[in-house]
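Comments concern the structure below.
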Amino acid sequence: QVQLVESGGGLVQAGGSLRLSCAASGNILSFNAMAWYRQAPGKQRELVAGIVSGGRTSYADSVKGRFTISRDIAKNTLDLQMNSLKPEDTAVYYCKGQTGGRQYWGQGTQVTVSS
């Protein structure tokens, strides 16, 4: 059973930075694609950033230039470096991985950005 566990969330002031990590139970390179999503209260879950097996990345317009998605092979994690955080980035952030034709989700980590 594949498991994904997020960490690194917390409370930060606007303009600050946080780094989220998603630890995978299997080899991180075995996932065809991985991504970070977020869901704010009363809103739908939205895609924040994604990375495919070849290393190509994509970002939501709202986070381009501020967030960076990457895979740490040594730590076997999917990371999301978030800089210049804004109050509107406040949400629960989820890690998603796709492998073997199935999708797996982590339990989420809360990010709160105060103004």
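Numbers here are sequence positions counted from 1.
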Please list all pairs passing the disulfide bond (SG atoms under 2.5 Å apart) test where one or both residues lie in residues 79-115, with sequence neighbours left out. Cys22-Cys95
Where the side chain of Thr99 meets the backbone of Ser30, is there a donor-acceptor pair that is under 3.5 Å apart? yes
Under 4.5 Å between side-chain heavy atoms, hopping through other hydrophobics if needed: is there a path connecting Val111 to Leu11? no
Rounded to the nearest 0.5 Å, how far apart are CD of Glu46 and OG of Ser62? 5.5 Å
Is any side-chain heavy atom of Thr77 closer than 4.5 Å to a side-chain heavy atom of Arg71? no
Contact list for residues 56-91, test disulfide bond (SG atoms under 2.5 Å apart), sequence neighbours left out: none
Got a second to check how far Leu85's CG is from Phe67's CZ, nearest 0.5 Å? 5.0 Å
Centre of Tyr94's six-membered ring, under 6.0 Å away, within 45 degrees of the axis: is that where NZ or CZ of Arg45 sits? yes
Between atom CZ of Arg38 and atom CD of Gln44, what is the distance when rounded to the nearest 0.5 Å? 14.0 Å
Which atom pair, heavy atoms only, marks the closest approach of Ala40 to Ala91? N-CB, 3.8 Å
Separation between OH of Tyr59 and CH2 of Trp36, rounded to the nearest 0.5 Å: 12.5 Å
What are the two closest heavy atoms between Ala24 and Phe31, and how far apart are they? CB-CE1, 3.8 Å
Test of understanding: with salt bridge (Lys or Arg N to Asp or Glu O under 4.0 Å), list the residues that count as partners of Lys43, not counting sequence neighbours. none
Salt bridge (Lys or Arg N to Asp or Glu O under 4.0 Å) pairs touching residues 6-23, sequence neighbours excluded, are Arg19-Asp79
In chain order, what residues pass the salt bridge (Lys or Arg N to Asp or Glu O under 4.0 Å) check against Arg66, with sequence neighbours excluded? Asp89
Would you say Leu29 and Leu4 are hydrophobically clustered, going by side-chain heavy atoms of ILVMFWY under 4.5 Å? yes
By side chain to side chain contact (heavy atoms under 4.5 Å, CB included) - contacts of Val52 (at least two apart): Ala33, Arg56
Say whether Ser17 and Asn83, considering side chains only, have a donor N or O and an acceptor N or O under 3.5 Å apart. yes
Backbone N/O of Val113 and side chain of Thr90: donor-acceptor pair under 3.5 Å: yes
Value for CG (Leu18) from CE (Met82), rounded to nearest 0.5 Å, stands at 4.5 Å
When you group the ILVMFWY residues by side-chain heavy-atom contacts below 4.5 Å and let the links chain together, are Val92 and Leu78 in the same group? no
Give, for atom OG of Ser21 and atom CG of Asp72, the distance between the pair rounded to the nearest 0.5 Å. 7.5 Å
Strictly under 6.0 Å, is that where the ring centroids of Tyr37 and Trp105 end up? yes
Are Leu20 and Ile73 connected, step by step, through hydrophobic side chains (Ile, Leu, Val, Met, Phe, Trp, Tyr) whose heavy atoms are closer than 4.5 Å? yes
Under 3.5 Å, is there a donor-acceptor pair between the Gln110 and Thr112 side chains? yes
